[in-house]
Amino acid sequence: MSKIQEEIKKRILVLDGAMGTMLQRYKFEEKDFRGERFKDFPHHLKGNNDLLSITQPEAVKAVHRAYFEAGADIVETNTFSGTTIGMADYHMEDLVYELNFQSAKIAREVADEFTDKPRFVAGSIGPTNRTASMSPDVNDPGFRAVNFDDLKIAYKQQVEALIDGGCDLLLVETIFDTLNAKAALFAIEEVKEERNIDIPIMVSGTITDASGRTLSGQTVEAFLISISHIPLLSVGFNCALGADQLKPYLKRLGNNTSLNISAHPNAGLPNAFGQYDQTPEEMQQLIREYLQENLVNIIGGCCGTTPEHIKLIAEVAKEFKPRPVEKTHALSQ
């Protein structure tokens, strides 16, 4: 049994908040993204946050450190777009292994600075910017911009680098298309088998609107069934909705699984300018309701959340016991 599997039985684990929100505070310009190494790169690089693990490593370290200081048990690597598919936008496909390895290494170094309690590094595996289930062309419903094998190959390279860099677990997150996620999970299982290792896996989908479905149309229950064949540390939801709107879907998840449940919602819904207005105090009160109702085992924040949000979430998490994991009424049973 891994260390995190032991810890999750003892207490509610706290995940970090948004990486992008924190990096935006630095107001990095094109030259900052490039650094010395990529100063003559022929394409624009501003906006490639994953690249900052190479060109601005101290800033990324500072974000991880701030979340650990706020009380996070788990930080996510700066690798949300770290596949050849994601990096194609910046013509940096050849850099994928290094990006993931360096991001994991940075997070590992910061985690090891904290010795008061176990701290963990989760390799962040985003959904890519393509979908395997739907056509991007309304005139050609059968067309796919990416297929399962393409995704599996891309994810496998990312997974290998994240493990080599020192991750304790892998987080397949912000899933809007479960077929993409299944490719990631297939890649992880392949790496585990080839290396004869075991590494805990978190899976986190995203409910895109009040319909209670993922972007590719799955309900909570269908999403759960789709991934239930893989041994998981946890299943949950993140992004898209704030804590208030996400709550009913976490309840439905809890009613149908014996897995640990995670949640890292946004700081409310974005305003007209795309900013998130929910204060740490407001979010803490909503998260308190999660904990009072025994909804989660892992809790954190997504878009718009900061170390200030995580600090108050960590404080309230100490007051409650984790959701009991019972071997009953699970869809996967």
Side-chain angles (χ1 to χ4, degrees), residues 1-9 13 15-16 50 53-54 57 60 64 73-87 92-112 118-128 132 146-175 178-205 226-236 259-260 262 298 332:
M1 183 181 292
S2 71
K3 188 69 179 171
I4 195 167
Q5 286 166 323
E6 292 175 17
E7 290 299 309
I8 203 168
K9 292 178 179 177
L13 297 182
L15 190 67
D16 62 2
D50 294 26
S53 294
I54 292 174
V60 177
H64 289 320
D73 298 290
I74 309 166
V75 297
E76 300 166 60
T77 54
N78 180 37
T79 54
F80 187 79
S81 302
T83 58
T84 49
I85 294 166
M87 283 298 126
M92 284 195 147
E93 297 96 323
D94 292 346
L95 212 64
V96 162
Y97 183 90
E98 184 183 353
L99 279 172
N100 284 278
F101 179 85
Q102 181 68 7
S103 295
K105 183 168 170 280
I106 283 171
R108 175 83 273 143
E109 286 171 3
V110 178
D112 291 344
R119 308 284 185 143
F120 303 99
V121 174
S124 172
I125 300 172
T128 82
V146 70
N147 64 38
F148 187 90
D149 289 338
D150 294 335
L151 286 163
K152 191 208 79 170
I153 291 165
Y155 282 128
K156 189 173 181 181
Q157 185 182 15
Q158 182 178 29
V159 167
E160 288 175 330
L162 289 170
I163 293 172
D164 290 346
C167 287
D168 301 292
L169 62 150
L170 299 170
L171 169 56
V172 182
E173 65 169 312
T174 323
I175 299 161
T178 312
L179 192 56
N180 287 35
K182 286 166 86 78
L185 293 169
F186 191 88
I188 293 168
E189 290 303 305
E190 207 168 79
V191 173
K192 283 165 60 176
E193 189 173 332
E194 287 171 3
R195 297 187 176 201
N196 194 26
I197 59 169
D198 196 15
I199 186 166
I201 306 164
M202 293 174 63
V203 164
S204 184
S226 305
I227 51 150
S228 62
H229 60 296
I230 298 285
L232 300 174
L233 173 71
S234 66
V235 63
L259 291 168
N260 295 301
S262 73
I298 302 172
S332 57

Does the pair T128 and L151 meet the rule for a side-chain contact (heavy atoms from CB on, under 4.5 Å), with working shown? CA-CA 9 Å; T128 82; L151 286 163; 4.0 Å; yes

Donor-acceptor pair, distance only, cut-off 3.5 Å: does the side chain of Q158 make one with the backbone of T79? yes

Give the minimum heavy-atom separation between I175 and V172, together with the two atoms involved. CD1-O, 3.7 Å

side-chain contact (heavy atoms from CB on, under 4.5 Å) filter on I230, not counting sequence neighbours, yields L185, E189, I201, L232

Identify, with sequence neighbours excluded, every residue that meets salt bridge (charged side-chain N to carboxylate O under 4.0 Å, His left out) alongside E194. K156

Are F80 and P127 close enough that some pair of their side-chain heavy atoms sits under 4.5 Å apart? yes

Looking only at side-chain N and O atoms, does S103 offer a donor or acceptor that is under 3.5 Å from a partner on T77? no

Contact summary for C167 and A122, nearest pair of heavy atoms: SG-C, 4.3 Å

Answer whether the closest heavy-atom distance between the side chains of Y155 and I188 falls below 4.5 Å. no

4.5 Å side-chain heavy-atom contact, M202 and E76: no

CZ of R108 to CZ of F101, rounded to nearest 0.5 Å, is 12.5 Å

What pair of heavy atoms forms the shortest contact from P231 to K192, and how long is it? CG-NZ, 4.4 Å

side-chain contact (heavy atoms from CB on, under 4.5 Å) partners of N260, counting only residues at least two apart: I8, L233, S234, N297, V325

For S81, which residues count as a side-chain contact (heavy atoms from CB on, under 4.5 Å) partner, sequence neighbours excluded? D50, M87

To the nearest 0.5 Å, how far apart are OG1 in T174 and CD1 in I125? 11.5 Å

Can you list the steps and then say if L259 with V203 is a side-chain contact (heavy atoms from CB on, under 4.5 Å)? CA-CA 11 Å; L259 291 168; V203 164; over 6 Å; no

Spatial distance of atom CG (N100) from atom CG (L162) [nearest 0.5 Å]: 4.5 Å

Do L171 and S204 come within less than 4.5 Å of each other through their side chains, counting heavy atoms only? yes

Quick one: list whatever passes side chain to side chain donor-acceptor pair (under 3.5 Å) with K105, sequence neighbours left out. E109

Only counting residues at least two apart or in another chain, list the ones meeting side chain to side chain donor-acceptor pair (under 3.5 Å) with S124. E173

Could I get the full list of salt bridge (charged side-chain N to carboxylate O under 4.0 Å, His left out) partners for R119, not counting sequence neighbours? D116

Results of side chain to side chain donor-acceptor pair (under 3.5 Å) for E7 - residues two or more places apart only: K10, R11

Is there a donor-acceptor pair closer than 3.5 Å between any side-chain N or O of K182 and the backbone N or O of S226? yes

Are the side chains of I199 and V159 in contact, using a 4.5 Å heavy-atom criterion? no

Side-chain heavy atoms of I54 within contact of L95, under 4.5 Å: yes

Rounded to the nearest 0.5 Å, what separation is found between the CZ atom of F120 and the CG atom of L15? 12.5 Å

Salt bridge (charged side-chain N to carboxylate O under 4.0 Å, His left out) with E98: which residues, sequence neighbours excluded? R37

Hey, does Q157 have a side-chain heavy atom less than 4.5 Å from the side chain of T83? no

Under the side chain to side chain donor-acceptor pair (under 3.5 Å) test, residues paired with D164 that sit two or more places apart: Y97, R195

State the CG-CD1 distance between D168 and I4, to the nearest 0.5 angstrom. 7.0 Å

Should we say atom CD of E193 is surrounded by more than 12 heavy atoms from elsewhere, each under 6.0 Å from it? no

